[in-house]
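Down below is the structure, laid out as structure tokens.
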Protein chains: 2
Amino acid sequence: MAMDVHLRDLRYFTVLAEHLHFTVAAQKLYISQPALSKQIRALERQLGFPLLDRRPREVVLTPQGQALLPRARELVAAWQETWQAARSAGPTFTLTVGMQTAVGRNLQREALTRFRDEGWRISLRLVSWEDPTAGLGDGGSDVAFLWLPLPAPGLVSRTLIREPRWVSLPVGHPLAAKPEVDFADLADEAFVALPRAAGPVREFWLAADARDGREPRIGIEVTSPADTFEAIASGLGVALIAEKNAQLYQRPDVVHRPVRDLAPAELALVWRANDTRPEVAAFVAAFPAAPSGAAGSQ
Amino acid sequence: MAMDVHLRDLRYFTVLAEHLHFTVAAQKLYISQPALSKQIRALERQLGFPLLDRRPREVVLTPQGQALLPRARELVAAWQETWQAARSAGPTFTLTVGMQTAVGRNLQREALTRFRDEGWRISLRLVSWEDPTAGLGDGGSDVAFLWLPLPAPGLVSRTLIREPRWVSLPVGHPLAAKPEVDFADLADEAFVALPRAAGPVREFWLAADARDGREPRIGIEVTSPADTFEAIASGLGVALIAEKNAQLYQRPDVVHRPVRDLAPAELALVWRANDTRPEVAAFVAAFPAAPSGAAGSQ
DNA sequence: ATTTGGCTATAACCGATGGCTATGGACGTT
DNA sequence: AACGTCCATAGCCATCGGTTATAGCCAAAT
């Protein structure tokens, strides 16, 4: 018997019933209008009776739809409650999230608010750039936000954000005159680098992937964003930086420019491959993965 | 937020919690053990906490599992009730099912019991072999059980059963001596045929598909199973017949033998392609489709 | 101590589902 | 008549939910 519903579909229905307008309801639900249309049709097909009467000018509930609506709301709400109740029946679980400074993108806030509300304990752990695993290596963290590539084997990642690499230059720098920079013009500059201990990520931000094996010239090594921009402003070198971070760290003595011909940087949620605890999986699942290739934006 | 559950998963959980044994619970649920294992793990992952403690000797509920169990039962039951209530809020829908005699296989019973219980009105309409669409053509039926091929354009089918074609012979017939018959030995026999009005299905049961275009020899045309076997017993011809029907229509003066080298016959549920009423779709969906090719049995 | 048997997990595969973008088609409005 | 609004359809792709086959674990039995 095909009697079980996905509560998601009931939720879709309740929202649609509230607005009686597919396009609007789809927006509220953060899905496309055709997706909603299709799901509702599928729901009607599964139930065996129509829920809505699609008229030329308006959409109205059928008698069955009217009967279903309040009960559907109850079910969705009841489930929410049930979930919370069940969760709190177990021992309180504390998830430690490792983050390096300069990750930004209010991911911290996301992590904290979203899960604190739902009865979890989230503990943020700020780690220095010297620990490329952000605490995953020594067990100090359960998950971490990191720039790829992965610093060590045995870790798995879900890419959350993919964005172009820009370059930070001192205001006086000749290349600062152009609105966009070729990496070729940049390759022989002195670079502000992450510490050696940072591992593969250091190489990535030195654009080792675009140098054909030639060694970059290192101006200075730094361990914090403040250091970095101080060094750049002082003319000790230039540095690659993610696009959004460029917008975030504005200083009068430093300018940011997009760099052509560089693969985008990927910010990922990382955890240990052998860590199968459902709490970790649930945390990870709560963050939507970035689309794989070049996304269709529109 | 990934908060919505599929009620099916809750149902799986309740059954598993009842037996505390994956293999047994999977059997009760009519799914394979790995499927259950995977679904439960996925559920735990989605919820963010473990439901069961899989120990070497036994499976036990975690505190969260214990907390979830009774409420999960309630939710599943509540949905059932909700569904019924919503259905009966609409005008009673009567679905007319066209059937030819000799379809058999307790499909009628299936159709009637299954849906009468759930508050539908099912009206069976027995049609003669003269109407190959079993009432779909003139709107007298909403759905019909028919042997393929489809008698007319504009109809869609879901194959329910696929079974070998046998041949019915009078007891004295020389071919009746062998346990199995080659169609080549049968091709030049006189055949008991469906009426011309039956269309493509007539050709199918004359095995036009195995004759390379040569015309069959028609002994007599009949319009009911009784006619058919009377004719065969009287030596007016032989007839092809589906395997299960062969077992069903046993008479002392007629024998049934499997025929080699014939494609199987397909019994299908048929409805109008442009009929998108959810009631029809739900009825259709309630009958599992036959696997496409040679099925993996075991 | 090794084998056997019972039970759950994993792997590889496959069709159906659920999302997307782009486009069509019905209908009211201008 | 042309346009705008809104739902449906088409075509595409990743994920899901099922399958069979097989591995791995542990206790009982040889």
Protein-nucleotide distance ([X], atom [atom1]; [N], atom [atom2]), rounded to Å:
X        : N      : atom1 : atom2 : answer
B:Arg158 : C:dG15 : CZ    : P     : 15 Å
B:Ile31  : C:dG15 : CD1   : P     : 20 Å
B:Glu58  : C:dG6  : CD    : P     : 19 Å
B:Phe22  : D:dG24 : CZ    : C1'   : 16 Å
A:Arg45  : C:dA16 : CZ    : P     : 13 Å
B:Asp53  : C:dC7  : CG    : P     : 18 Å
B:Gln46  : D:dT15 : CD    : P     : 16 Å
B:Leu29  : D:dG17 : CG    : P     : 15 Å

Exercise for the section: Give me the residues of residues 32-40 of chain B where at least one heavy atom lies under 4.0 Å from an atom of DNA chain C, by number, or none. Expected result: B:Gln33, B:Pro34, B:Ser37

Exercise for the section: Would you kindly check if the NZ (Lys) or CZ (Arg) of B:Arg8 is within the cone defined by 45 degrees around the ring axis of B:Phe13 and under 6.0 Å from the six-membered ring centre? Expected result: no

Fill in the blank from the handout: Minimal heavy-atom distance between A:Val143 and A:Leu95, with the atoms involved, is CG2-CD2, 4.3 Å

Handout entry: Results of side-chain contact (heavy atoms from CB on, under 4.5 Å) for B:Ala282 - residues two or more places apart only
Key = B:Trp120

Any [X] side-chain nitrogen or oxygen under 4.0 Å from OP1 or OP2 of [N]:
X       : N      : result
A:His21 : D:dC7  : yes
A:Arg41 : D:dA8  : yes
A:Arg57 : C:dG28 : no
A:Arg54 : D:dC6  : no
A:Thr23 : D:dC7  : yes
B:Tyr12 : D:dG18 : yes

Practice task
Name the residue closer to the 5' end of DNA chain D, choosing between A:Leu20 and A:His6 according to the nucleotide with the nearest heavy atom.
Solution key: A:Leu20

Handout entry: Check: A:Glu266/A:Thr159 side-chain N/O donor and acceptor closer than 3.5 Å
Key = yes

Exercise for the section: Supply the atom-to-atom distance B:Leu68 CG to B:Glu44 CD, rounded to the nearest 0.5 angstrom. Expected result: 10.5 Å

Handout entry: Sidechain-backbone polar pair: B:Arg55 side chain, B:Asp53 backbone, donor-acceptor under 3.5 Å
Key = no

Practice task
Applying salt bridge (charged side-chain N to carboxylate O under 4.0 Å, His left out), name anything that partners B:Arg71, two or more places apart in sequence or on another chain.
Solution key: A:Glu81

